[in-house]
Asker: 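Structure in structure tokens, see below.
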Amino acid sequence: MTMRFRHADATRSDYPELAAGALHATGVGPTTGVGSAADVGPRVAEYTARAAGRSSSAA
């Protein structure tokens with residue numbers, strides 16, 4: 001399966017140095033590691049809020 005990722009045209013125009021990408025990890029989950037999965041919810045919420053703030057201040 002091929003997937004293509006890219007920034008919106010306006011973003012690419014304003015920031016041509018950006019590179020779109022995606023990460024795929026295997027072997028991570030509740031049945032691997034030290035017995036339970038890491039609680040990533042707070043970290044994801046922090047990064048999402050940071051990105052939303054940057055996006056809204058750039059508009």
Side-chain angles (χ1 to χ4, degrees):
M1 172 190 331
T2 300
M3 298 183 84
R4 298 181 188 269
F5 296 91
R6 62 178 284 190
H7 293 94
D9 289 339
T11 303
R12 288 174 51 89
S13 175
D14 291 344
Y15 304 96
E17 70 277 9
L18 290 179
L23 173 66
H24 174 81
T26 61
V28 179
T31 60
T32 62
V34 188
S36 65
D39 181 8
V40 298
R43 181 67 56 96
V44 170
E46 175 188 342
Y47 288 136
T48 301
R50 188 181 303 172
R54 288 178 180 170
S55 178
S56 66
S57 66

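Any value given below was found using the heavy atoms of this structure, including those in side chains, with hydrogens, waters and symmetry copies removed.
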Asker: Check side-chain contact (heavy atoms from CB on, under 4.5 Å) between Glu17 and all other residues, then give those that pass, not counting sequence neighbours.
Answerer: Tyr15
Asker: Where do Arg12 and His7 come nearest, in terms of heavy atoms and distance?
Answerer: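 Scanning both residues, the minimum pair turns out to be CD-O, 3.3 Å.
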Asker: What donor-acceptor contacts under 3.5 angstrom involve side-chain atoms of residues 41-48, with partners at least two apart or in another chain?
Answerer:
from: Glu46; atom 1: OE2; to: Arg50; atom 2: NH2; distance (Å): 2.9
from: Thr48; atom 1: OG1; to: Val44; atom 2: O; distance (Å): 2.8

